[in-house]
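Note: hydrogens, waters and symmetry copies are ignored here, and every other heavy atom, side chains too, is used. Bear in mind that the values here come from a model prediction, so they are computed numbers and not experimental data.
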Amino acid sequence: MIKIQRFISYYKLKLARLPASPNAIASGFACGSMVSFTPLLGLHFILAIVFAYLIRGNLIAALLGTIVGNPITFPFIWGLIYKVGAFFTSTKHKEFNHEINFDMIITQTYDIFFPMLLGGAILAIPVWLTTYFLTYSFVSSYKKSKKKKYKSINTKR
């Protein structure tokens, strides 16, 4: 547990120290987080960069945002986007005797992949907005505190 907290703290600082505005960092990170909620596994980095570029977000922050989707969170994300997509496609929700894996997504495209893709698209805006505002709040307060600290050091000289 301590290693996970340390990992999160490290990447939060790495994100906050990027040389860009809080808006650019937050929008880039939100793009990376958003594409993590799609079943398009091999395309997360590319999609994050494309979306961040289109809205003038920070590209490095977009790549860092894809960390939201990782081997620990993917089972939860995939389950969520499948349930949301199955609800909206009126697909009968299937109870799987085993976990959803990449092979199932490819071989059972209409039954699994399409509801997952639709669920990811539906959740894209709420995920983007949530991560944007959380990241913007964190980065802007971090940069303000650093600026204030820098000013206080320079006025003492």
Side-chain angles (χ1 to χ4, degrees), residues 1-89 99-102 105 112-157:
M1 185 66 175
I2 294 173
K3 287 184 180 184
I4 293 173
Q5 289 174 340
R6 188 172 178 173
F7 176 82
I8 291 170
S9 296
Y10 173 76
Y11 278 100
K12 280 174 58 177
L13 285 176
K14 195 166 190 69
L15 187 68
R17 291 178 179 163
L18 286 173
S21 70
N23 180 54
I25 294 170
S27 59
F29 189 82
C31 288
S33 299
M34 175 186 72
V35 299
S36 293
F37 278 75
T38 66
L40 306 171
L41 275 181
L43 301 175
H44 285 176
F45 281 164
I46 295 167
L47 289 172
I49 288 172
V50 167
F51 284 122
Y53 179 79
L54 290 174
I55 63 169
R56 298 185 181 180
N58 186 280
L59 302 181
I60 302 299
L63 294 175
L64 288 172
T66 61
I67 291 173
V68 169
N70 60 63
I72 296 170
T73 60
F74 275 141
F76 302 106
I77 291 172
W78 289 351
L80 176 65
I81 64 175
Y82 174 76
K83 286 180 182 178
V84 169
F87 176 79
F88 281 97
T89 59
E99 68 277 348
I100 296 175
N101 58 38
F102 186 72
I105 293 170
I112 296 173
F113 183 74
F114 182 68
M116 288 177 76
L117 191 60
L118 181 63
I122 291 168
L123 292 176
I125 292 173
V127 167
W128 193 93
L129 289 170
T130 302
T131 54
Y132 174 84
F133 288 115
L134 289 172
T135 307
Y136 183 85
S137 174
F138 168 72
V139 171
S140 63
S141 65
Y142 178 84
K143 289 190 181 266
K144 283 178 187 174
S145 71
K146 282 296 186 186
K147 191 175 184 180
K148 186 184 273 187
K149 185 177 180 181
Y150 182 74
K151 277 186 176 181
S152 68
I153 290 173
N154 283 339
T155 56
K156 289 181 182 180
R157 292 182 181 181

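Ile81 approaches Phe37 most closely through the heavy-atom pair CG2-O, 3.8 Å. Shortest non-hydrogen contact noted between Ser145 and Tyr142 is OG-O, 2.8 Å. Taking all atoms of both residues into account, the shortest heavy-atom contact from Gly85 to Leu118 is O-CD2, 4.1 Å. Closest non-hydrogen pair, Ile77 versus Ser36, comes out as CG2-O, 3.7 Å.
A donor-acceptor pair is defined here as one N or O able to donate and one able to accept, closer than 3.5 Å; such a pair exists between the side chain of Lys143 and the backbone of Ala20. In this structure, the side chain of Ser141 engages the main chain of Ser137 through a donor-acceptor pair within 3.5 Å.
Scanning for side-chain contact (heavy atoms from CB on, under 4.5 Å) contacts around Phe138 gives Lys12, Ala16, with sequence neighbours left out. Applying the side chain to side chain donor-acceptor pair (under 3.5 Å) rule to Thr38 yields the partners His44; only residues at least two apart in sequence or on another chain are considered. Evaluation of the side-chain contact (heavy atoms from CB on, under 4.5 Å) rule for Ile72 yields Asn70 as partners, not counting sequence neighbours. Legend: residues meeting ring-ring contact (aromatic ring centres under 6.0 Å, His included) with Tyr136, ordered by chain and number and at least two apart, are Tyr132. Thr130 pairs by the side-chain contact (heavy atoms from CB on, under 4.5 Å) definition with Leu134, not counting sequence neighbours. With sequence neighbours excluded, the residues satisfying ring-ring contact (aromatic ring centres under 6.0 Å, His included) with Tyr11 are Phe7. Take Thr89 and apply the side chain to side chain donor-acceptor pair (under 3.5 Å) test, not counting sequence neighbours, and it matches Thr91.
In this structure, Met34 CE and Leu123 CG are separated by 12.0 Å, a value rounded to the nearest 0.5 Å. Here the straight-line distance linking atom OG1 of Thr131 with atom CZ of Phe133 works out to 10.0 Å at 0.5 Å rounding. Once rounded to the nearest 0.5 Å, the distance linking CD1 of Ile46 with CZ of Phe51 reads 12.5 Å.
Within a 6.0 Å sphere centred on CZ of Phe114, heavy atoms belonging to other residues, nucleotides or ligands number 12 at most.
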**Message:** Quick one, Leu40 with Phe113, criterion side-chain contact (heavy atoms from CB on, under 4.5 Å). Give me CA distance, side-chain angles, the key distance, then yes/no.
**Reply:** CA-CA 9 Å; Leu40 306 171; Phe113 183 74; 3.6 Å; yes
**Request:** Go through Phe74 and Leu41 one step at a time and tell me if the side-chain contact (heavy atoms from CB on, under 4.5 Å) criterion holds.
**Result:** CA-CA 10 Å; Phe74 275 141; Leu41 275 181; 3.7 Å; yes
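For the side chain to side chain contact (heavy atoms under 4.5 Å, CB included) with Val35, the lone residue among Ile49, Val127, Leu47 that qualifies is Leu47.
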Show the atom names and distances, to 0.1 Å, of all donor-acceptor pairs under 3.5 Å that link a side chain in residues 54-69 to residues at least two apart or in another chain.
from: Asn58; atom 1: OD1; to: Ile60; atom 2: N; distance (Å): 3.0
from: Asn58; atom 1: OD1; to: Ala61; atom 2: N; distance (Å): 2.9
from: Thr66; atom 1: OG1; to: Leu63; atom 2: O; distance (Å): 2.6

